[in-house]
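Some notes on the structure that comes next.
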There are 2 protein chains.
Amino acid sequence: MTVSKTAAADAVKSSRAARKEPAEASAPDTALQLGELSELLGYSLKRAQLRIFEDFLRCVAPLQLTPAQFSVLLLLDRNPGRNQTEIANTLGILRPNFVAMLDGLESRDLCTRVRSTNDRRSHILMLTDKGRAVLARAKKLVATKHEARLNEVLGPANRAALLDMLSKLAREF
Amino acid sequence: MTVSKTAAADAVKSSRAARKEPAEASAPDTALQLGELSELLGYSLKRAQLRIFEDFLRCVAPLQLTPAQFSVLLLLDRNPGRNQTEIANTLGILRPNFVAMLDGLESRDLCTRVRSTNDRRSHILMLTDKGRAVLARAKKLVATKHEARLNEVLGPANRAALLDMLSKLAREF
DNA sequence: TATTGTTATACTCTATAACTATA
DNA sequence: TATAGTTATAGAGTATAACAATA
């Protein structure tokens, strides 16, 4: 320890003396200063991401879909005839971790694995009719509740600009 | 299952037929279509966040600090005399989970817990001299490597705009 | 009775090695 | 031999309940 007990006790008794702000009230329970943290992009990025995912879950709660599950359904709809490795790779999901996820979706009859006739090692993934129906309802909830709220808070132009920058970071950074 | 084996086999044999794009080459291994995924803000947000944290870890690797640990050191520096609950709450860390994190920082002599004389239940957190030194070096690495790279990719004006929007989302959403 | 720090615990995500069946 | 799907497993991160010391 490089901090002496004495210095520690001093700081405990009058922490105001160690701060830069002039001591105003003696109230010891004021809000903390974020300081340089508010300039750290990664910090706000993480906090924003948590909020957005939370809201997504709330908006799509009636369908019991996580953002990850929703992204799988979307991808299967757009890319029929693909196997597990292709879908998982595109979403940044590791193949071993994709197994349980697919088990969950398949057990709810949202998609199916079909052994490929060309290469009997691979499983072609397909949306079921129920999967397509759930996806359609989910898209509607996301558009009318989740993304609509984003537009309210940011405004359409800002929302688009934000999306562009985030996409660029995800791609090029 | 609502998808018959026959329909599945058809899709396997000629998945191009089920797609919207006109079939060009017979190459079965083209890049997948993200589709509506590229318009989902949360998707890009998550991917960008992962990239940014990855880069942060790389830039600060010589100091062996995670983004979360860095944020704790920053907060302790700005807010001396605070206890575990106050620091943890500000960062959105649950108190039970903050214990092991502090154990790690304290075992590396970056900060110390000091029993408060006012309220002997609470531990006042303080940076050690080594903690302050490491924080100073970390700030320099973050500024000159991590945030500098962000400025390169986005440009200073865009970087500022992005930070504003993310902060707003983290606050108001 | 309420709060601080703590332990125990569990659940989700993520990551790696190794197995099987096919190729 | 290489690849697809899988299993097992381990490590983070996150969440809740409950306990001891203190208020």
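The figures here come from the full heavy-atom set of this structure, side chains too, leaving out hydrogens, waters and symmetry mates. None of the values given here were measured: they were computed from a predicted structure. Below, read A as the first sequence line, B as the second, and so on, with proteins coming before strands; counting in each chain starts at 1.
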* To do: Compute whether any side-chain donor of one residue and acceptor of the other, for B/S167 and A/S44, lie under 3.5 angstrom apart.
  => yes
* Got a donor-acceptor contact below 3.5 angstrom from the A/E86 side chain to the B/L32 backbone? -> no
* May I ask you to decide if B/L34's main-chain N or O and A/R78's side chain share a donor-acceptor pair within less than 3.5 Å? => no
* Determine, using the 4.5 Å side-chain heavy-atom cutoff (strictly less than), whether B/L166 and B/F173 are members of one ILVMFWY cluster. => yes
Between [N] atom [atom2] and [X] atom [atom1], what is the distance in whole Å?
X      : N      : atom1 : atom2 : value
A/L94  : D/dA12 : CG    : P     : 16 Å
A/I124 : D/dA4  : CD1   : C1'   : 11 Å
A/I93  : D/dA4  : CD1   : P     : 16 Å
A/F53  : D/dG13 : CZ    : C1'   : 15 Å
A/N118 : D/dT3  : CG    : C1'   : 15 Å
A/L57  : D/dT14 : CG    : P     : 15 Å

* Using the side chain to side chain donor-acceptor pair (under 3.5 Å) rule, collect all pairs that involve residues 53-62 of chain B, keeping only residues at least two apart or in two chains. => B/D55-B/R58, B/D55-B/H146, B/D55-B/R149
* Please, which pairs that meet side chain to side chain donor-acceptor pair (under 3.5 Å) have at least one residue in residues 89-98 of chain B, sequence neighbours excluded? -> B/N89-B/R95
* **By side chain to side chain contact (heavy atoms under 4.5 Å, CB included) - contacts of B/E152 (at least two apart)** => none
* Which residue lies more 5' along DNA chain D, comparing A/Q84 with A/K46 via nearest heavy atoms -> A/Q84
* To do: Check every nucleotide of DNA chain C for an atom under 4.0 Å from a heavy-atom of chain A, then give the first and the last such nucleotide from 5' to 3'.
  => C/dT14 to C/dA23
* Asked: Got B/V60 and B/F70 here, is their nearest side-chain heavy-atom distance under 4.5 Å?
  -> no
* To do: Taking only heavy atoms on the protein side, list every residue of residues 96-105 of chain B lying under 4.0 Å from any atom of DNA chain C, sorted numerically.
  => B/P96, B/V99
What N/O pairs connect the protein and nucleotides 19-22 of chain D at under 3.5 Å? Give each pair on its own line.
unit_1: D/dT22; atom_1: OP1; unit_2: B/R120; atom_2: NH2; d: 3.4

* Evaluate side-chain contact (heavy atoms from CB on, under 4.5 Å) for A/K130 paired with A/L110, printing each intermediate quantity in order. => CA-CA 6 Å; A/K130 183 178 171 192; A/L110 299 179; 4.1 Å; yes
* Asked: Just one of A/L40, A/L41, A/L45 clears the side chain to side chain contact (heavy atoms under 4.5 Å, CB included) bar with B/L163, so which one?
  -> A/L41
* Asked: How long is the gap from CG on A/L135 to CG on A/L65, to the nearest 0.5 Å?
  -> 8.5 Å
